[in-house]
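Not measured: the values here are computed from a predicted model. Throughout, protein chains are lettered first and strands after them, A, B, ... in sequence-line order, and every chain is numbered starting at 1.
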Protein chains: 2
Amino acid sequence: MTAVPEAEILARIRSLQARFAAASPPVDAALILQSLDLYYFAGTIQNCHLLVPREGRPRLLVRKVLERARADSPLEDVRPMTSLKALPGEIRSLCGPPPWRLGMELDVLPVLLFNQYLELLGGQGQVEVADLSRPILEIRSVKSEWEIGQIRAAARINDRLYRDLPELLGENLSTGELQAVLDARARLAGHLGAVRMRGFNMECLLGVVVSGPSGAAPGHGQFPIGGTGPHPALALGGDARKIERDRPVVFDYLANATGYHHDQTRMAVIGRLPEEAERIYGEMQGLLRLVEKRLVPGAVPSQIYEEALARAKERGLEAGFLGPPGHAVGFVGHGLGLEVNEIPVLARRFVAPLAAGTVLAVEPKFTHPELGVIGLENTYAVRAGQPENLSLSPEEVIVVR
Amino acid sequence: MTAVPEAEILARIRSLQARFAAASPPVDAALILQSLDLYYFAGTIQNCHLLVPREGRPRLLVRKVLERARADSPLEDVRPMTSLKALPGEIRSLCGPPPWRLGMELDVLPVLLFNQYLELLGGQGQVEVADLSRPILEIRSVKSEWEIGQIRAAARINDRLYRDLPELLGENLSTGELQAVLDARARLAGHLGAVRMRGFNMECLLGVVVSGPSGAAPGHGQFPIGGTGPHPALALGGDARKIERDRPVVFDYLANATGYHHDQTRMAVIGRLPEEAERIYGEMQGLLRLVEKRLVPGAVPSQIYEEALARAKERGLEAGFLGPPGHAVGFVGHGLGLEVNEIPVLARRFVAPLAAGTVLAVEPKFTHPELGVIGLENTYAVRAGQPENLSLSPEEVIVVR
């Protein structure tokens, strides 16, 4: 039994092949190189090239490690390719003689590496390359029931953190120290210890804990939660300041039990939550209720985002919604799965209707200059009739006296 | 006082400008985008574009967050650039009218993003782009005294793990659990909580702990230590098996206190180290002594690597040296600094002599099918006369009864 079932892999390959005609130019085969796309389409994260021809079965060419790739992958045709020089011959045997039209992951493949492949395959006369990243990400955005089950397994880790937090909050930790301790708890509860974010300069942590004004510092990343971080070399998340009484604490965690992420944010306080923070938290909960009921097939992400903005404005919370004024991010939720920044995004430029099975983290958050970040986040599966909340934790603010 | 001193930044900028004439084609300006190159040349990890003209002062164009970039960077000319559309005007104001010859980081810049920049700058008639990644990495490979001081700060974190390990080994943990606990210890001792590796599909952990045969599983990455890992979605490092008595335990950790990494591997055992493991460990120590004394200016990396291979062969340890037979990595040491996989590498294709100030992690390791991985690793600065060992921990195997 492989970690990713054979039926999953075969359905994914069929979806990919169905997209070849729509690519521009239409492609003869996909050449897949990125490790998480390999995990998705072949079931292994080993160092491989996956060739998916327009018809028929894909071929997994393994640089390292053949035995492990064979054990991981439900694909039938798994063979060694110790030298890159063998690649043109492999493409020829699946696609016939050149010229070839290949689809590649141009959103992540660096220029130098791309040029090496072009040269290896005979240059621009022999091979034409189309970007397949968008179709791949669209296919990945709709999860199967098996995949949603993997995200549920991750949700249990995030729930464990929610349950453990009261005990940890009593220990006079800084936000940075609490991150270190929560990360360890997550891993002892089954977190693999890695989180994946796609793209150039993308970096994220297992989790971020901020509290009070230092959490209100805008971040350089595309997150509605910032934080000064411990040092200019890691300018994100918690820092060395001790958590103070009566200050809102927000903890935003990415759990990963089997490759798939679950994203959850909850709040806590030592002492008593200031009334203003309580009021804003209630508003963010109201906003989450508004958004979550829209997570059904056919709803349009850009409209959901606009509705959330309109609601925040109507409630007098426009300045600070989704980030400090001038630094707000342009989304109220995002797709996630094998990577934490998948599509669709609940944002202005996403106008295609949601499909059943899409998984989205929704995170209404407000940045208050003195109170810091206030808000919450759940992960949902889009379902006909009613969305499924994949978060297991109560939304109650944790209060430690 | 900025985290990176002004004198450091100015010297780095001068080194970069001195390389412009040697680039192919020679460039008018560098356009630097990658976050760690930005940290190196501008002192900030905020979302910026750094323009370095052939002569005169560089300009840091900040997308997010201006105030933080201004606080971080010792550069004088730091200004906002909220829209990418302003980039051509900024280049024109520094370099005059097009055509422009720009140097960019083509080893990491993805194809789609590169194409967007090309189009934005007026296309191939207006702009010619040269790869500047090699010169940048060469400049970064030689560390200043200030940088070596940053690596010493990281070394103290690795030493703390060495001191804490005896206590932790008594707790009946799996190798995966021990990783989680060591990571937390490292962070409570000042580890920022992130490690950085450059390039496509590159991923690493704060540390890896393996013990016995599951550690002998070859890895898909370019590490002389593998491990089955917890799951096919993270096929590296420790797993759920409890550490057994009388089995060698190896822990390989990357510490990072201020952006710069220190790399160290040590061994431990609960009970008694098997005689064969003790013998091999002695051989790896002998190999480390052989390599370290060569880390002086003028020594040639490829020759050091060949000498290490010859010594392993001479001692009957060829099969298993630097990885399981058939899966050995082709290096016995590697550069490190802001990233853990810097140049030079003690490997066949690195024939340029070492310069004073180069920092290298040297890691003679042997994979034994039953005993697992046996070896050690120190981080050194190349110095005239005698290299400096930046590792603070004794090399004695930790023994817990």
Side-chain angles (χ1 to χ4, degrees), chain A residues 2-4 33-35 39 43-47 64-65 67-68 71-72 104 106-115 131 133 176-177 179-181 183-184 187-188 191-194 196 199-201 203 205 217-221 226 229-235 237 256-259 327 338, chain B residues 2-4 33-35 39 43-47 64-65 67-68 71-72 104 106-115 131 133 176-177 179-181 183-184 187-188 191-194 196 199-201 203 205 217-221 226 229-235 237 256-259 327 338:
Chain A
T2 50
V4 186
L33 304 171
Q34 196 248 16
S35 54
Y39 192 72
T44 185
I45 206 160
Q46 297 294 317
N47 184 347
K64 332 183 41 180
V65 177
E67 313 89 77
R68 298 188 74 175
D72 289 347
M104 296 179 77
L106 301 188
D107 65 332
V108 287
L109 201 64
V111 174
L112 285 190
L113 194 59
F114 175 75
N115 290 344
D131 177 37
S133 59
E177 288 167 339
Q179 276 179 204
V181 173
D183 284 14
R187 291 171 62 182
L188 296 174
H191 195 305
L192 295 184
R196 275 84 175 235
F200 182 63
N201 275 349
E203 181 175 50
L205 305 171
H220 56 89
H231 188 276
L234 189 81
N256 173 9
T258 63
H327 297 289
L338 292 174
Chain B
T2 51
V4 186
L33 304 171
Q34 196 248 16
S35 54
Y39 192 72
T44 185
I45 207 159
Q46 297 294 316
N47 185 347
K64 287 187 84 174
V65 178
E67 314 88 80
R68 299 189 72 176
D72 289 347
M104 296 179 78
L106 301 187
D107 66 330
V108 288
L109 199 65
V111 174
L112 285 190
L113 195 57
F114 175 74
N115 290 345
D131 177 36
S133 60
E177 287 166 340
Q179 277 179 203
V181 174
D183 285 15
R187 290 170 62 182
L188 296 175
H191 197 306
L192 295 184
R196 275 83 177 237
F200 182 63
N201 274 348
E203 180 176 52
L205 306 172
H220 55 89
H231 188 275
L234 188 80
N256 174 8
T258 63
H327 298 288
L338 291 174

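A heavy-atom distance below 4.5 Å is not found between the side chains of B/L109 and A/P110. Residues A/M104 and B/V111 form no side-chain contact, since every pair of their non-hydrogen atoms from C-beta on lies 4.5 Å or further apart. The side-chain heavy atoms of B/P232 and A/Y39, taken from C-beta on, include a pair separated by under 4.5 Å. Counting only heavy atoms from C-beta outward, the side chains of B/R187 and A/E177 never approach each other to under 4.5 Å.
Taking every heavy atom of both residues into account, A/I45 and B/A235 meet most closely at CG2-CB, 4.0 Å. The two residues B/R68 and A/A217 have their closest heavy-atom pair at NH1-CB, 4.3 Å. Annotation for A/H220 and B/Q46: closest pair CB-OE1, 3.1 Å, computed over non-hydrogen atoms. Smallest separation of non-hydrogen atoms from A/V108 and B/F200: O-CD1, 3.6 Å. Of all the heavy atoms in A/A233 and B/L192, the pair that sits closest is CB-CD1, 4.1 Å.
The CD atom of B/Q179 sits 11.5 Å away from atom CG of A/L188, with the distance rounded to the nearest 0.5 Å. Rounding to the nearest 0.5 angstrom, the gap separating the OG1 atom in A/T258 from the CG atom in B/L234 is 11.5 Å. Atom NE2 of A/H327 is separated from atom CD of B/E67 by 4.5 Å, given to the nearest 0.5 angstrom.
Between chain A and the options B/P218, B/G221, B/P230, B/G229, the largest number of non-hydrogen pairs under 4.5 Å is found for B/P218. Here A/D131 is the residue among A/N115, A/T2, A/T44, A/D131 with the most heavy-atom pairs under 4.5 Å with chain B. Taking B/G43, B/G219, B/A3, B/G237 one by one and counting their heavy-atom pairs under 4.5 Å with chain A, the maximum is reached by B/G219. Most heavy-atom pairs under 4.5 Å with chain A, from the set B/V181, B/N256, B/V4, B/D72: that is B/D72. Counting heavy-atom pairs closer than 4.5 Å to chain A, the top residue among B/A184, B/S35, B/G259 is B/S35. Chain A forms more heavy-atom pairs under 4.5 Å with one residue of B/L113, B/L33, B/L106, B/D183 than with any other, namely B/L106.
With a 4.5 angstrom heavy-atom cutoff, B/L338 does not touch chain A via any of its atoms. Of the two parts of B/L205, only the side chain, counted from C-beta on, holds a non-hydrogen atom closer than 4.5 Å to a non-hydrogen atom of chain A. B/N47 touches chain A through backbone and side chain together, each having a heavy atom under 4.5 Å away.
With sequence neighbours left out, the side-chain contact (heavy atoms from CB on, under 4.5 Å) criterion links A/D107 to A/E105, A/S133, A/L137, A/R198, B/L112.
Using a cutoff of 4.0 Å between basic side-chain nitrogens and carboxylate oxygens, B/R196 and A/E203 are scored as salt-bridged.
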